[in-house]
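As C-alpha cells, the structure follows; a few thoughts come after it.
Computed from heavy atoms alone, side chains included, the values below leave out hydrogens, waters and symmetry copies. Worth saying up front: this structure is predicted, and the values here are computed from it rather than measured. Each chain gets a letter, A, B and so on, in the order its sequence line appears, and its residues count up from 1.
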2 protein chains.
Amino acid sequence: MNTLDKREFHTITELTKEFGISTRTIRFYEDEGLMKPVRRGRTRLFRPTDRRRLMFILRGKRLGFSIADIREIMNMYKEPPGEEGQLRLLIRRINEKREELEQKRLDIDLTIQELDHAEEQSLARLAELGVGT
Amino acid sequence: MNTLDKREFHTITELTKEFGISTRTIRFYEDEGLMKPVRRGRTRLFRPTDRRRLMFILRGKRLGFSIADIREIMNMYKEPPGEEGQLRLLIRRINEKREELEQKRLDIDLTIQELDHAEEQSLARLAELGVGT
DNA sequence: CATTTAATTGACTTTTACGTAAATATCTGA
DNA sequence: TCAGATATTTACGTAAAAGTCAATTAAATG
C-alpha cells in the first residue's frame, strides 16, 4: 500500500483484513442497507465511501449501538430534508443522540476512575510484596 | 422514600421501577453471578451493595459491554490476588480495559462532532427557509 | 485449458440477553 | 382465614448479529 492510497476500489477481503471482520459480516451490513458497494459482474467493489461507511458502522458497534441505531444516525448525515417539520424533528433526534453519547462519556469516565483505583490497589499490593515495578 | 434513604433492603420491584428493567433481567444477572442478594425465605432482598452492582452492570451495558466483559471488570474491583504473577496479570488486564474505554471515548467524540456538523446543516437549512429558531 | 483461488448466495445454526407463560409459594390487609 | 397481590422457579421462545456450510460461479494463472 502506498502512503497516498486513494485507490478507487477495495475488495471484500481487503476490508476483512483491514478491520478484522468476516465477509459474512460485511455482506450482512449490506443486506441491512448500511452500504451499497458497486458490482463488477457479481463481485462487490468497495469505494472509499463504502470503506468510510464501514468504519462508521464499526465505531457505532464499539459504542454498543444496534444496527438500527447506526442506520438512524447515518440517515442524520444525509442531505437534510426540505420541509420544516421534518427538519425540526431531525434536529430533535440529533440532540437526543448527542445526549445519549454524552451519557456514555460520563459512564466511561466513571469506569476509568474505578479502574484507576483498582490498579492502585494492585500496585500497592505489589509494593507490599517488596518488588520493583 | 426518605431523603436519608439508607434503608437496609430493596425489593426486586423497587429496583425494576428505579432502573426501568424487568424482574427477569435482574434474576438473569443474579444467575450470571453478577449479584448475590440475600434471601428471606425464597424472596430476594437487595442490599445497597447489590443496588450498586446493578448500577454498575447497567453502566457497562450502556457502553456496549457483554455480560462476560462486565463480570471480568467486576472481578478487577475485588481484593487483589496475593500472588505476584496474578497481580501482574490483573494489572495488564486493567490497562487493556482502560485502553478499550479510551478508544470508546475517541469514538464518542468523533460521533458527536459529526452530529454537530449534521445539526449545523439542518439549522442552516432552517434559516434558508426563513424561519426563526 | 484445466485447475486452483476467490466471491457469491442461500440455508441453517449459534450465542447473547433477555421475554413470556405456567405452576407454585408467600405475604398482607380486610 | 381468605382473596388478591407479589415472588419464585422452571422451561420454552425469540430477536439481533453474526457464524458455518454447501453449492455455484467467476477469475486468474501456470
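- In this structure, B:R44 atom CZ and C:dC27 atom C1' are separated by 16 Å, rounded to whole Å.
- Residues forming a side chain to side chain donor-acceptor pair (under 3.5 Å) with B:T13 (at least two apart in sequence, or on another chain): B:T11.
- By the side chain to side chain donor-acceptor pair (under 3.5 Å) test, A:R125 pairs with A:E128, sequence neighbours left out.
- A:F56 meets the ring-ring contact (aromatic ring centres under 6.0 Å, His included) test with A:Y77; sequence neighbours excluded.
- Applying a 4.0 Å cut-off to non-hydrogen atoms, the residues of residues 20-43 of chain B that approach DNA chain C are B:S22, B:R24, B:T25, B:F28, B:Y29, B:R42, listed by residue number.
- For B:E83, the side chain to side chain contact (heavy atoms under 4.5 Å, CB included) partners are B:Q86, not counting sequence neighbours.
- Remark: B:L106 engages B:Q103 in a side chain to side chain contact (heavy atoms under 4.5 Å, CB included) (not counting sequence neighbours).
- Cation-pi check for A:K36 over A:F46 is not met; the charged atom does not lie both under 6.0 angstrom from the ring centroid and within 45 degrees of its normal.
- For the side chain to side chain contact (heavy atoms under 4.5 Å, CB included) test, residues two or more places apart in sequence or in another chain that qualify with A:L45 are A:F9, A:V38, A:R40.
- Of the residues in residues 65-77 of chain B, B:S66, B:I67 come within less than 4.0 Å of DNA chain C through at least one heavy atom, sorted by number.
- With sequence neighbours excluded, the residues forming a side chain to side chain contact (heavy atoms under 4.5 Å, CB included) with B:T25 are B:I21, B:S22, B:Y29, listed by chain and number.
- With sequence neighbours left out, the side chain to side chain donor-acceptor pair (under 3.5 Å) criterion links A:R53 to no other residue.
- In summary, contact between chain A and DNA chain D, defined as any nucleotide atom under 4.0 Å from a heavy atom of the protein, begins and ends at D:dA17 to D:dA26 in the 5' to 3' direction.
- Legend: residues meeting ring-ring contact (aromatic ring centres under 6.0 Å, His included) with A:F19, ordered by chain and number and at least two apart, are absent.
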